Amino acid sequence: MTTEEKKEEKALNFIEEIVEEDIRAGKHAGRVLTRFPPEPNGYLHIGHAKSICLNFGLANRYGGGTNLRFDDTNPVTEDTEYVESIKYDVRWLGFNWVNELYASDYFEQLYAFAVDLIKKGLAYVDDSTAEEIAALKGTPTEPGTNSPYRNRSVEENLDLFERMRRGEFAEGSRVLRAKVDMASPNMHLRDPLMYRIKFAHHHRTGDAWCIYPMYDFAHGQSDSIETITHSICTLEFIPHRPLYDWFIEKLDIFPSRQYEFARLNLTYTVMSKRKLLQLVNEKHVSGWNDPRMPTISGMRRRGYTPESIRNFCDRIGVAKRENLIDVGLLEFFVREDLNKKAQRRMVVLDPLKVVITNFPEGQTEVCYSENNPEEPATGSREVPFTRELYIEREDFMENPPKKYFRLAPGQQVRLKSAYIITCDEVLKDANGDVTEVHCSYVENSKSGQDTSGINVKGTLHWVSATQAVPVEIRLYDRLFKVEDPSSEEGDFKTYINSDSLEVITGYAEPALQGTEPDESFQFLRKGYFCADIDSSPDKPVFNRTVTLRDTWAKNAAK
RNA sequence: UGGCCGAUGGUGUAAUGGUAACACAGGACAUUUUGGUUGUCUUAUUCAGGGUUCGAGUCCUUGUCGGCCAACCA
C-alpha cells in the first residue's frame, strides 16, 4: 500500500474536517493558508512540534501554504537568538514556510487600525493605573465597572494616543483600550487593553516605538493582514475568540477564523516555556538544548530524528480533550526509526574482563559483524577478537536464576559474530567480587562457519580489551520523578529527578573511533546512542537516546 | 456562585444514528547469532440517570467530574 492510500484511509481530525467543509463550500475559493506564530522568547519544544505538524501538514495536504510569523509584540522578553533557533528547528523538522514574517512588520498598520477604532468610538485612552484597571474589571461572577475615562471624545483620544506614540507619557501611565462591554461574562471582552507604553528596545524595530500592541490586538490582525484562512491555536485561547472576531468585524478586514485544539502534555516532563526557562536559568539543565529537555534542540542532541517526531505527532492526533501522553510512545517512534537507520556497534558500558585461555596471546583474529540486519546493503565491518576481552558485568552471574541465558560457571554463550565460549573459572578479589572470568572458546564455532552443532540460548556483545577505545557515555533518565510535575502540590522543581544524568566511560570497538557528531548508532543490546557535539576525533562522546526494549529486565524486575 | 470547553480500554486517537477500530503500554506463544527486530493471539457493554428512535458512543435533557478565563504576557 502506498503512503498516499494510507493517508486517505486515516480518519480526519476535526480541523481537517472543518477545512474540507470550507473547501467544499468554496470558502476563500478553496484557498488554505495557515501560520505558525511563535513568540521569540524561548526555544521550541515537542508541544510546538505538534502545532507545526498540524499547521504545515494541513497546508501540505490541501495544497496551501504556511507562514512563519514571529509574534514579537513584547520587546522585553524577545530576542533574535530565539528567532534563529526557531527557524532552524522548523526546518530541521522538515517544513518550509512560504513567508517569514513578524508581527512587528505590521506595527504601522496596527497603529492605523487602532486609530480607526478610536474614530469609530470603539477605543479609548485610559489614564488609570494597572491596579485601578484590575479593580474595575470585576470577577468572573461579578460584572466590571466602566472606567472614568471611557467616554472621552474621539478628538481627545486621537490626541492622547498620538502623544503616547510620541513618547510624551511615562510607562504605565496610559493604555489604549477597546470599548466592548464591561459587564460581559467573558472577562476578555471587558474593555481589553490594546496598547501599552514600553520604553524598550525591540529586537527588530529598535527604538522606533514606545507603544506596543497586546496579543489580542496583534495576533488576529496579523492573521487578517496575511489573509490566513485557518488560524489554529491551543484551547486556552477559546475565550479570546469572541474578541478575535470582534476586532475583525469592527475593523472590517479579512475574516480569518480561529480554531482551537488541545496542547500536548507528556509524562515526566514540563511543557511550558516559563518552566523550561526556569530549568535553564537555575542550571537544573545545561541549557535549552540539554538532551533531557523536551525542546526540539534538546531532543535533536539526544538523538531523536525529525521522522520520529513527525510520526509521533501524527499518531497522537488532534482533538479538544486534555491529554497526557506516555513518553514511552515517543520512545517507541524513535526506536522504530533508528532500528532502520542506525548502524550496529558493540560497546561495553560496565566491563568485566574475560580471558580466553585457549586463544594465543598477542594474536588478533578478524571477525565480521553486520552493520544493520534490517539493511543488508549496509554490509559488515571488521571486529578484532583477542585473548582478553570485555563483556558487560551484568552478562555474568555466578549463581544465575532460572532462564538466565548469559554467562555463568560451566555455561556456554555465543559472543556476537565470533565464537561460542565456555565459562571455566571465576576469579575474585579479597571482597569476593568477581574480577575476571576465564573461558575457553569452541574453535569450530566461528560465526558464519560454525560446525560445532552447539545450540546456545544467549548471545553477548563484547570488545577486545586490548583494542577497545574508551568513550564517554552520557546516560539520561527522565527529568522528573512524577508523571505530571505541573499538577503536583507545590513547586514543580521539587520533583526533579536528581539522577537524570550519569556519565560513564565505555569501551567501544575500534570502528567507533572518529565518529562525527550527530551520528546515531545502536550499541548492541544496550540502546541507541548519538554522538554529542562535545565529541572530538580522539575522544568520542555519546548520548543515550533510548534503551532497547528489554523484556528480560522487565521480567527480572517483577 | 458567572461564562466557555471537554468526558470512548492503562494512555492517546477513531467510529459522521446501524457489528466500538487503530497505535502504544500490558499478557501469551513463535522466530531470532541483539532477551532487539519480526509474526500470531489477547485486553472496553463508550462518566451517570432520564428521554427520542426499529436502532444511540453519536441526538435531546439533567447531573457528576475535569480543564480554561479576572498579566500593561503570549
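Below, chain A is the first sequence line, B the second, and so on; all start at residue 1. These numbers were taken from a predicted model, which means no experiment stands behind them.
Going from the C1' atom of B:rA28 to that of B:rG35 covers 16 Å, rounded to whole Å. Only the P atoms considered, B:rA74 is 31 Å distant from B:rG12, to the nearest whole Å. The C1' atoms of B:rA48 and B:rC29 are separated by 40 Å, rounded to the nearest whole Å. Taking the P atom of each, B:rG36 and B:rU31 are spaced 14 Å apart, rounded to whole Å. On the C1' atoms, B:rG51 is 16 Å away from B:rG17, given to the nearest whole Å. For the C1' atom pair drawn from B:rG66 and B:rC22, the interatomic distance equals 26 Å after rounding to whole Å. Rounded to the nearest Å, the gap between the C1' atom of B:rU1 and that of B:rC24 is 43 Å. Of the C1' atoms belonging to B:rU38 and B:rC5, the separation is 43 Å, rounded to the nearest Å.
A heavy-atom distance below 4.5 Å is found between the side chains of A:Glu392 and A:Lys526.
Nucleic acid contact for A:His188: sugar-phosphate only, since backbone atoms but no base atoms lie under 4.0 Å from a heavy atom of the residue. When heavy atoms are screened at a 4.0 angstrom cut-off, A:Leu324 is found touching the sugar-phosphate backbone but no base atom. Among the atoms of the strands shown, base atoms are found under 4.0 Å from some heavy atom of A:Lys403. As judged by a 4.0 angstrom heavy-atom cut-off over every strand, A:Leu524 is placed among the base-contacting residues. Contact annotation for A:Arg174: no contact, since no heavy-atom pair falls under 4.0 Å across all strands. Nucleic acid contact class of A:Phe217 (heavy atoms, under 4.0 Å, all strands): none. As judged by a 4.0 angstrom heavy-atom cut-off over every strand, A:Asp550 is placed among residues touching the sugar-phosphate backbone only. If you check every strand for non-hydrogen atoms under 4.0 Å, A:Glu374 touches a base. Counting non-hydrogen atoms under 4.0 angstrom, A:Val76 reaches nothing in the nucleic acid. Among the protein residues, A:Ala130 comes within range of the nucleic acid bases, having at least one heavy atom under 4.0 Å from a base atom. The residue A:Gly448 sits close to a base: some heavy atom pair falls under 4.0 Å. Heavy atoms of A:Thr547 sit nowhere under 4.0 angstrom from any nucleic acid atom. Residue contacts for A:Phe332: at a heavy-atom cut-off of 4.0 Å it reaches the sugar-phosphate backbone alone, with no base atom in range. At a threshold of 4.0 angstrom between heavy atoms, the contacts of A:Glu142 with the nucleic acid are absent.
B:rA28 is paired with B:rU40 under the criterion used here, namely a Watson-Crick or G-U wobble arrangement in which both key atom distances are under 3.5 Å. B:rU34 makes up no base pair with any nucleotide shown, lacking Watson-Crick or G-U wobble contacts both under 3.5 Å. Under the Watson-Crick and G-U wobble criteria, each requiring two contacts below 3.5 Å, nucleotide B:rG66 is paired to B:rC5. Remark: B:rU13 base-pairs with B:rA21. Criterion, Watson-Crick or G-U wobble with two distances under 3.5 Å. Applying the Watson-Crick and G-U wobble criteria (two distances, each under 3.5 Å), B:rC73 pairs with nothing in any strand.
Look at CG on A:Leu548: it is 9 Å from C1' on B:rU37, rounded to the nearest Å. Spacing between atom CG of A:Asp314 and atom P of B:rA14 amounts to 12 Å, rounded to whole angstrom units. Between the CZ atom of A:Arg263 and the P atom of B:rA74 there is a distance of 16 Å, rounded to whole Å. Across the protein-nucleic acid pair, A:Asn265 atom CG and B:rU13 atom P stand 11 Å apart, rounded to whole Å. One can place CG of A:Asp484 at 11 Å from P of B:rG12, the figure rounded to the nearest angstrom. Following rounding to the nearest Å, A:Leu193 (CG) and B:rC72 (P) show an atom-to-atom distance of 6 Å. Taking atom CG of residue A:Asp395 and atom C1' of nucleotide B:rU34, one finds them 11 Å apart after rounding to whole Å.
When the side-chain nitrogen and oxygen atoms of A:Arg315 are compared with OP1 and OP2 of B:rC22, none of them lie within a distance under 4.0 Å. The side chain of A:Arg321 contributes an N or O atom lying less than 4.0 Å from OP1 or OP2 of B:rU13. A close approach under 4.0 Å does occur between a side-chain nitrogen or oxygen of A:Arg196 and OP1 or OP2 of B:rA74. Between A:Lys340 and B:rU37 there is no side-chain polar atom (N or O) within less than 4.0 angstrom of OP1 or OP2. At B:rG26, one or more side-chain N or O atoms of A:Lys554 fall inside 4.0 Å of OP1 or OP2 (strictly under the cut-off). Phosphate contact (OP1/OP2 of B:rA74, side-chain N/O of A:Thr73, threshold under 4.0 Å): present. In terms of phosphate contacts, A:Arg335 brings no side-chain nitrogen or oxygen within less than 4.0 Å of OP1 or OP2 of B:rU37. In this structure, A:Thr551 reaches the B:rG36 phosphate: one of its side-chain N or O atoms is under 4.0 Å from OP1 or OP2.
Aromatic ring orientation, A:His48 versus A:Phe36: perpendicular (interplanar angle above 60°, classes split at 30° and 60°). Taking the six-membered ring where tryptophan is involved, the planes of A:Tyr212 and A:His202 are essentially parallel, since the angle between them stays under 30° and well short of 60°. Classification of the A:Phe521-A:Phe542 ring pair by plane angle, with boundaries at 30° and 60°, yields perpendicular. In this structure, A:Phe247 and A:Phe217 have perpendicular ring planes: the angle between them is above 60°, well past the 30° mark.
Judged by distance alone, with hydrogens and angles left aside, A:Arg549 brings no side-chain donor or acceptor close enough to the base of B:rG35 to form a pair under 3.5 Å. For B:rG12, the base has no donor-acceptor partner in the side chain of A:Glu322 [N/O atoms by modelled type, under 3.5 angstrom]. Residue-to-nucleotide contacts include a donor-acceptor pair under 3.5 Å from the side chain of A:Arg414 to the base of B:rU33.
In this structure, the aromatic ring of A:Tyr215 is not positioned over the six-membered ring of the base of B:rA74 within 5.5 Å between centres and 30° between planes.
Side-chain N/O atoms of A:Tyr528 and A:Glu331 include no donor and acceptor closer than 3.5 Å.
Of the possible polar contacts, one joining the A:Tyr404 side chain to the A:Phe396 backbone as a donor-acceptor pair under 3.5 Å is found. A side-chain donor-acceptor contact under 3.5 Å links A:Arg152 to the backbone of A:Val125. A donor-acceptor pair under 3.5 Å links the side-chain atoms of A:Glu509 to the main chain of A:Met346, judged by distance alone.
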